[in-house]
Amino acid sequence: MFRKSMISALSVAAITLGGVGSASASDCTVKLGAILPVSGPMGQVGERISATGQFAVDQFNEAGGVKGCDVKYVLRDTQGQSTIGVDAAKSLVDIEGVQALIGAVSSGVSLPVLTSVSVPSKITQVSCCSSSESFTALAKEGKTDGYWFRTYSTNRSQAAMGALLTANSGFKKTAVIYVNTDFGVGLAKRYAADIVKLGGSISSMVAYNESQQSYRAEVTTALQGDPDSLFLVAFPVDGSTLTREWLALGGTGNLIVNNSLRSSDYFEAVGSKHLQKLQGYDSAQPRIPSVANFNEMFEERFDGPPNGPGLHSVYDAVTVVLLAMEASDEITGENIRDNIRIVTAADGEEVYPGPEGIKRAKELLAAGKSIRYVGATGGLQFDQNGDVQAPKMTWKLVGDENVETGYFTTEEIADLIKKLDD
Amino acid sequence: MIGLISYLIFFLILALSFGIAVLGLNLQWGYTGLFNAGVAGFIAIGGYTMAILTGPSRDAVLGGFEMPFVVGLIGAMIASGIGAYIVGLATLRLKGEYLAVATFGIAVSIQLVCLNWEYLTGGTLGLIGIPNPSKDLATGPLAQNAVYLGIVIVIGGIAFWALERIVKSPWGRMLKAIREDEGAAASLGKSPVRVRLESFILGCMLMGLAGALLTAFIGYISPSDFLPIVTFQIWTMLIVGGSANNRGALLGAVLVWGVWTSSGFVISKFIPAEIQAQGGALQAILIGLILVVTLLMRPRGLIGEEKHVSRHASL
């Protein structure tokens, strides 16, 4: 039984491999690998991210694909486990022959994939969602060889936004409850340092571990010291458990939440009527027509607005990689890496998401011009470590409606961070 | 073709590294009857020891020893052995399901310690930049991985050979005697508690060794690598391959890891793109189904237990 399934898997692999060779001659396809957690603890988030990645590929194909070839989006599930993710990435690279990888979501999967697959095999890896500062550290040591990019802004700017929102609301004593992952710990620590500089203070810092039935103990600890506000760093499922218990035990309704909680799952699970004093921040969709355009296209395809973590950023990750492929003479990981800089050049001509924008971009690239892709998350500017700085927005709930309350440009964020770091 | 070979080498490195942990579990469960549900914890101890001993210096985290790979391997075995000694003293008077619950709890605790003791483990950020010895021995990813596979095969081979010798020795037969009838073994003057402790420590040292090999290969370690699912995977490998048989343990490791990973490949190949996102659930169903079918068709695993008698005995 096992032998049989192994043999059939291997023969499938062999057939595919044969297929790649012949495909390039006749009907051409270009493969883009995606390693995302579509099952396991991050499954809910991962499914939507993956569907949005597919959407970006479909739009690119509508505009004629890469160099006239159809792009095939090859998805592999990481199950949220690093060994599975590493294996999936390796099989995409070796057997499917992909030259670029999208993913993963959690840093604990993206990092081993980067160090054991992408860098040694010279494959460009672009993550939509990994926020850990370890990537920046690795890039500074020169260990990524430039193959690492992310379209999701790092913890640094998120912490600054959370702190700014807290200080501007006049809160003086804030409790912090954060998810005990690299994302949560990094963000909460930065936030604690930032809020003090903006004149606030921390009453308690409480980490919680994911997927528990109840967080009564954590909430009780956080309630000590009589905080006037709560900064909550969580994901929708655990976040709603925490918020319900926080409110039930008498916690203040003055909530500041991270961008992952800007999700209808969360609002519905807690009940919007209990969240009328909630505020949050997120990567902004800049006020340029093209972005509204993206949101419209998204709504048309999915019958709902693109609310949720990673959706805008995965769209941009996919589009940037495909544009870089288009700009390459030969599609190799190395060329994609170099050309990502060309398609996001600061002095390039601006192009926007959607089939029309992509067509325009392809014309400009064909004419040998550099372009500046201004995408679903705004103008993408990768620094030398592959990190991106994005504009931010703040939001709150009015009734069931998610309303934008403020907008911060990339420059404003950079100034804020500079002020906080001094 | 190169791509397929390159992937198979990569696959075997992971599968055989897991195989070494399965060999350790086989000594404990297959030969001694110890239900160790804390495998992930001992793999973690080995992995972190390797990362700390061989890794570069880090801000605010213990490290900077930059010791050779071999020292990392030996250190990992010693550390997991010490961990097993402490755990064993506390729990080995328990049996069966009680031992399972206790060791499971310990593995979860070890994972939480890794998550929270930032000075030692880097906390949730994990430890980066762990050197892979094959990078100095060869150039190009394919050759490097081939060298690393060679290292894993040699180390796994030594472990296999040693275990085969051990289980055929008088000590090995004593393990089985204790597994089958503790009272009878004790009446012959054997000390079940002591022997169980020895077997437990030796098995955990192999798990630590597996963790060290995996960590040096991947170059990164974080607490999310040691969730209870890892214990479940190692157990599945042993049960499918056949417990109380070292060949079965290695075979199970390769086959189960193969099914686990190739099911993802098959799904990405044959499920239409629109419902790919639901493929994860299918994969879980597929793996579960294969497990259940194996247990129904071959309850003793693919290769069952071999009979061992002393070579001095005449049958």
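Naming: A, B, ... by sequence-line order, numbering from 1 per chain.
Using a 30° and 60° split on the angle between ring planes, A:Tyr315 and A:Phe55 fall in the tilted class, from 30° to 60°.
Each of B:Ile221, B:Ile218, B:Leu125, B:Ile128 was checked for a side-chain contact (heavy atoms from CB on, under 4.5 Å) with A:Leu111, and the lone residue meeting it is B:Ile128.
For a residue to count as touching a neighbouring chain, one of its non-hydrogen atoms must lie under 4.5 Å from one of that chain's; by this rule A:Val117 touches chain B with the side chain only. Interface remark: A:Asn209 contributes side-chain atoms only to the contact with chain B (heavy atom separation under 4.5 Å). For A:Lys143, the part lying near chain B is the side chain, with the backbone staying farther off; criterion is any non-hydrogen pair under 4.5 Å. Of the atoms belonging to B:Leu214, not a single heavy atom falls under 4.5 Å from chain A. Proximity to chain A is absent for every atom of B:Asn132, based on heavy atoms less than 4.5 angstrom apart. Only the side chain of B:Ser224 comes within contact range of chain A, with heavy atoms under 4.5 Å apart.
Ring-centre distance between A:Phe60 and A:Tyr73: not below the 6.0 Å cut-off.
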For this session: Determine, step by step, whether B:Phe10 and B:Phe217 satisfy the ring pair (Phe, Tyr, Trp, His ring centres under 6.0 Å) criterion, reporting the C-alpha distance in whole Å, the side-chain angles of both residues, the deciding distance to 0.1 Å, and the verdict.
Result: CA-CA 10 Å; B:Phe10 194 90; B:Phe217 177 61; 5.3 Å; yes
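Per-residue counts of heavy-atom pairs under 4.5 Å with chain B were compared for A:Val185, A:Thr115, A:Asn180; the largest is that of A:Asn180. In terms of heavy-atom pairs under 4.5 angstrom with chain A, the leader among B:Gly219, B:Ser222, B:Pro223, B:Ser6 is B:Ser6.
For the pair A:Lys189 and B:Glu118, the salt-bridge criterion is met [side-chain N within less than 4.0 Å of a carboxylate O].
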